[in-house]
Amino acid sequence: MSRRRIIIDTDPGVDDAAAIFLALASPELDLAGISVVAGNVGLAASVKNACKLVALAKRRDVPVYAGAAGPLIRDQVFGKYAHIGSFADTLVPETDLGPQAVSSVRFIAEEALKAASEGRRITICAIGPLTNIALALRLAPNVAQGIERIVMMGGAFASLGHRTPWSEFNVHADPHAAEIVWNSGVPLVLMPLDVTFQALFTEEDFRGFEAKSSPCGSALAALLRTYDRSDIKRFGRPGGAIHDAMTIAWLLQPDLFSGKEMAIGVTLCGPTAGQTWADFYGKSDRRPNALVMSGVDERGYRELVVERIAGLALTSGEREIDA
């Protein structure tokens, strides 16, 4: 079976945990490494969370890299639960696993350059602010040539925002990085809030994560219960979204999603900095630079995420990082 080589660029984060677990549970994917950026929480807490998740999944062979501690230009903003810091040990156990000495930015650039030199390309799943990726693209002119596509969770159009009334957090946290990445020429698949809000996970799904007594499934269920994301007033029904896992799900089962190619962009300054826009009806002369998802098979997506994560780390043994 041909496996797709990917990098996850992340700021863990509960949704990020689900995405990481889904990737690790999917033999179709070859996870080269986890690149960490400050976002939901500060960089040190984000790195610690990533290491704890990898260790819990019994996948020490997947290296973790620490990247940018802040955005390119704007003042730093953090997620809703930043004051809590890293995941409590009662939710995700402590580990002695630590990050690699190489920075996330150099790791991404070197993976892309190596792929390009070998006549292949990597895929990046971007589920945090885009700072690391923007810096990697600027590190060497040929980096973009080694990237097949960037599948990103970010942006908000008709749904409006969740971090501010007009913006989604990943873009809001570093709009200048988004501008660089979105205009890099690398093919982009975008999962905005408009589609992630269509699939809501409930207590039934949480019990599904726990059904096989997987340590990862049980930890994710505990995280989802602790950091409740339900909003009946907004959604009109129980449940909350698991945004970031959609990037992995698209790689596994793209038929679960529907969307169209269009031009997208971001406001860089002023009171609505971080707001994203999309030319849904081709009213501008801007060339399409993204495949923007607008629909998802909710049942299929939820079943994929629950089934895979529920079985993660049940039989696989610990693997050590190659020297």
Side-chain angles (χ1 to χ4, degrees), residues 8 10-26 40-41 45-46 48-50 52-59 79-82 84-95 125 127-128 153 159 162 169 191 193 195-253 256-257 296-316:
I8 295 179
T10 177
D11 59 338
V14 177
D15 293 5
D16 308 72
I20 291 168
F21 284 160
L22 182 59
L24 293 173
S26 299
N40 279 308
V41 293
S46 293
K48 184 175 182 179
N49 285 345
K52 293 175 81 170
L53 295 169
V54 168
L56 185 63
K58 301 179 182 179
R59 289 297 305 273
K80 180 179 179 181
Y81 297 107
I84 296 174
S86 59
F87 298 143
D89 294 345
T90 53
L91 297 174
V92 184
E94 184 62 275
T95 180
C125 292
I127 54 177
M153 188 276 129
S159 72
H162 62 341
F169 175 76
M191 300 288 178
L193 296 181
V195 67
T196 64
F197 280 154
Q198 294 177 30
L200 304 183
F201 289 72
T202 66
E203 179 61 32
E204 178 183 355
D205 299 302
F206 303 164
R207 291 194 295 270
F209 287 128
E210 299 170 317
K212 298 180 181 179
S213 299
S214 157
C216 298
S218 297
L220 183 59
L223 287 168
L224 289 165
R225 291 188 181 111
T226 300
Y227 301 104
D228 179 38
R229 66 262 325 284
S230 60
D231 189 344
I232 291 179
K233 184 177 180 181
R234 180 167 191 170
F235 303 132
R237 58 189 174 109
I242 298 182
H243 310 275
D244 294 334
M246 280 195 177
T247 61
I248 306 298
W250 185 85
L251 295 177
L252 300 173
Q253 296 185 21
L256 292 175
F257 300 89
V296 61
D297 176 344
E298 179 185 18
R299 180 175 178 179
Y301 171 63
R302 288 167 55 205
E303 288 179 350
L304 173 65
V305 174
V306 172
E307 178 183 355
R308 297 251 177 148
I309 294 177
L312 179 60
L314 287 179
T315 58
S316 62

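Numbers here simply count residues along the sequence, with the first being 1. Fair warning: this is a prediction, and the values are worked out from it, not measured in the lab.
Among Leu56, Leu53, Thr226, the single residue meeting the side-chain contact (heavy atoms from CB on, under 4.5 Å) criterion with Phe87 is Leu53.
With Asn40 contributing its side chain and Gly79 its backbone, the two residues share no donor-acceptor pair below 3.5 Å. The backbone N or O of Asn49 sits nowhere less than 3.5 Å from a side-chain atom of Ser86 that would complete a donor-acceptor pair.
Side-chain contact check for Leu200 versus Pro238: every heavy-atom pair is 4.5 Å or farther apart. Residues Asp15 and Met153 fail the side-chain proximity criterion, which asks for heavy atoms closer than 4.5 Å. Proximity of Leu91 to Tyr227: side-chain heavy atoms (C-beta onward) are separated by under 4.5 Å at one or more points. Asp205 places none of its side-chain heavy atoms less than 4.5 Å from the side chain of Ile242. At least one side-chain heavy atom of Ile248 sits under 4.5 Å from a side-chain heavy atom of Ile8. Considering only heavy atoms from C-beta on, Thr247 stays 4.5 Å or farther from Leu251 through its side chain.
Shown here for Thr196 and His243, the closest heavy-atom pair between the two residues is OG1-ND1, 2.8 Å. Closest heavy-atom contact between Leu22 and Ala245: CD2-O, 3.7 Å. Closest non-hydrogen pair, Arg229 versus Phe235, comes out as O-CE1, 4.1 Å. Between Lys52 and Pro93, the shortest heavy-atom distance links the atoms CE-O, 3.1 Å. Of all the heavy atoms in Ala57 and Cys216, the pair that sits closest is CA-SG, 3.5 Å. Here the closest non-hydrogen pair linking Ala199 and Val296 is CB-CG1, 4.4 Å.
Heavy atoms from other residues, nucleotides or ligands lying under 6.0 Å from CD of Glu204 number 12 at most.
A distance of 4.5 Å separates CD of Glu94 from CG of Asp89, quoted to the nearest 0.5 Å. Here the CG atom belonging to Leu256 is positioned 5.5 Å from the CG atom belonging to Asp297, to the nearest 0.5 angstrom. Rounded to the nearest 0.5 angstrom, Asp16 CG and Cys125 SG are separated by 11.5 Å.
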| message | One pair to check against side chain to side chain contact (heavy atoms under 4.5 Å, CB included): Leu223 and Phe209. What are the steps and the verdict? | response | CA-CA 11 Å; Leu223 287 168; Phe209 287 128; over 6 Å; no
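The ring pair (Phe, Tyr, Trp, His ring centres under 6.0 Å) search around Tyr301 returns Phe201, not counting sequence neighbours.
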Side-chain donor-acceptor distances from residues 304-314 under 3.5 Å, at least two apart:
unit_1: Arg308; atom_1: NH1; unit_2: Ser26; atom_2: OG; d: 2.9
unit_1: Arg308; atom_1: NH1; unit_2: Glu28; atom_2: OE1; d: 2.9
unit_1: Arg308; atom_1: NH1; unit_2: Glu28; atom_2: OE2; d: 3.3
unit_1: Arg308; atom_1: NH2; unit_2: Glu28; atom_2: OE2; d: 2.9

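Residue pairs meeting the salt bridge (Lys or Arg N to Asp or Glu O under 4.0 Å) criterion with at least one partner in residues 232-244, sequence neighbours excluded, are Arg237-Glu298.
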